[in-house]
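Worksheet: the structure to be examined is printed underneath.
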Amino acid sequence: MSETTTAATSGTFSKYAQVYDADRRPLIPGYDELYGVGLRLIADEAQGRPLRVLDLGAGTGLFSGMAMETLNISALHLVDASAAMLDGARKRFAGDARVSTAVDDLVTMDLGSGWDAVISALAIHHLEDPDKRALYARIARALVPGGRFVNAEQVAAPSADEEARYVRFWKADVQARGVDDAGLAASLDRQRHDRCAPVGTQLGWLHEAGFAEVDCPFKLWRFAVLTGRV
Ligand SMILES: C[S@@+](CC[C@H](N)C(=O)[O-])C[C@H]1O[C@@H](n2cnc3c(N)ncnc32)[C@H](O)[C@@H]1O
């Protein structure tokens, strides 16, 4: 992914940063499961042990906020290419010494090391496929042995016909959940930056990156949780 592409994506998200959180639940059928399933998995494995957690494409810190409620977190680092989105996260976690943030590009940044868990929600699908694949390998190297990666993600359908069905179902579902024409238009504007890949392909990349117990513990049409342990 070029710098220009990252800048275009983060620019669009910056535009919607103020209204982003309020839009989320109605726009995401399966919202509770999408965000909750992976954190439940991490919590069950950790059994209360303090965790160092990295959130990639953290935006306003929505997923991180849920992680804080579900896990015993000793350090939480949030990364996003949009400074305006991260401003929301800084407000959310103001005064919490465990939390740090950085404006950076997932494609090129140093992920560091020693993370017990790497989490990401609805962000990695903005990367081109070779960058997703390379990122999965970099995440595997950044985790401690036994560490878990959870990607709560928007995915592509397995064929063009199925993709048309995913879009049709999503529009019907979000309209039934009260999203009006303006909300739909804003979401479609952000979706210009989507580069979704199918679940099967991505599970293969995770396996190839060195993850074990690769799994998809939740999927509802275009929303899915992808996970693995190193
Ligand atoms: C749909 S939002 C998700 C935010 C948050 N994870 C959540 O679930 O609410 C996608 C985020 O990914 C960020 N993003 C997209 N491409 C990125 C890249 N190459 N590097 C860093 N962040 C990126 C955007 O700026 C945006 O904040």
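We count ligands from 1, going down the list as the structure has it; atoms in each ligand are counted the same way. These numbers come from the heavy atoms of this one structure, side chains and all, not from hydrogens, waters or symmetry mates.
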Subject >> Heteroatom distance test (Y35, ligand 1): nitrogen or oxygen, under 3.5 angstrom >> reply: yes
Original post:
N/O to N/O below 3.5 Å, does that happen between D55 and ligand 1?
Top reply: no
**OP:** Measure the shortest side-chain to side-chain distance between D32 and R25 over non-hydrogen atoms and say whether it is less than 4.5 angstrom.
**Re:** yes
Original post:
Any idea which of A8, A81, G61 brings a heavy atom closest to atom 21 (C) of ligand 1?
Top reply: A81
Subject >> Numbering as shown, the atoms of ligand 1 that approach D104 to under 4.0 Å (heavy-atom distance) >> reply: 20 (N), 21 (C)
Original post:
Do any nitrogen or oxygen atoms of R24 come within less than 3.5 Å of a nitrogen or oxygen of ligand 1?
Top reply: no
**OP:** May I ask you to list the atoms of ligand 1 that are less than 4.0 angstrom from any heavy atom of T9?
**Re:** 15 (C), 16 (N)
Subject >> Atom indices of ligand 1, in the order listed, that fall short of 4.0 Å to a heavy atom of L62 >> reply: 9 (O)
**OP:** Using distance alone, determine whether L127 and ligand 1 share an N or O pair under 3.5 Å.
**Re:** no
Subject >> Sub-4.0 Å atoms of ligand 1 with respect to non-hydrogen atoms of S82 >> reply: 25 (O)
**OP:** Quick one: list whatever passes salt bridge (charged side-chain N to carboxylate O under 4.0 Å, His left out) with R141, sequence neighbours left out.
**Re:** none
Original post:
Take atom CG in D180; do more than 12 heavy atoms of anything else shown fall under 6.0 Å from it?
Top reply: yes
Subject >> Under 3.5 Å: N/O of L106 near N/O of ligand 1 >> reply: yes
Subject >> Ligand-side contact atoms (ligand 1) for residue partner M85, heavy atom cut-off under 4.0 Å >> reply: 27 (O)
Subject >> For V79 against L106, the heavy-atom pair lying closest together >> reply: CG1-CD2, 4.3 Å
**OP:** Could you tell me whether D110 and R138 have a side-chain N and a carboxylate O separated by less than 4.0 Å?
**Re:** no
Original post:
Could an N or O of ligand 1 be found under 3.5 Å from any N or O of A123, whether backbone or side chain?
Top reply: no
Subject >> Ligand-residue contact atoms, ligand 1 with T6, heavy atoms, under 4.0 Å >> reply: 18 (C), 19 (N)
Subject >> Residue portion contacting ligand 1 (non-hydrogen atoms closer than 4.0 Å) for A152 >> reply: neither
**OP:** Identify whether L122 and L188 are in the same connected component of the hydrophobic contact network (ILVMFWY, side-chain heavy atoms under 4.5 Å).
**Re:** yes
Subject >> L62 with L76, same ILVMFWY side-chain cluster at under 4.5 Å >> reply: yes
Original post:
Listed by chain and number, what are the ring-ring contact (aromatic ring centres under 6.0 Å, His included) partners of Y35, not counting sequence neighbours?
Top reply: Y31, F63
**OP:** Would you kindly say whether Q202 and Y136 are connected by a side-chain donor-acceptor distance under 3.5 Å?
**Re:** yes
Subject >> Where ligand 1 meets D105 - atom numbers and elements under 4.0 angstrom, heavy-atom basis >> reply: 18 (C), 19 (N), 20 (N)
**OP:** Report, as yes or no, whether the 6.0 Å neighbourhood of atom CZ on R40 holds more than 12 heavy atoms from other residues, nucleotides or ligands.
**Re:** no
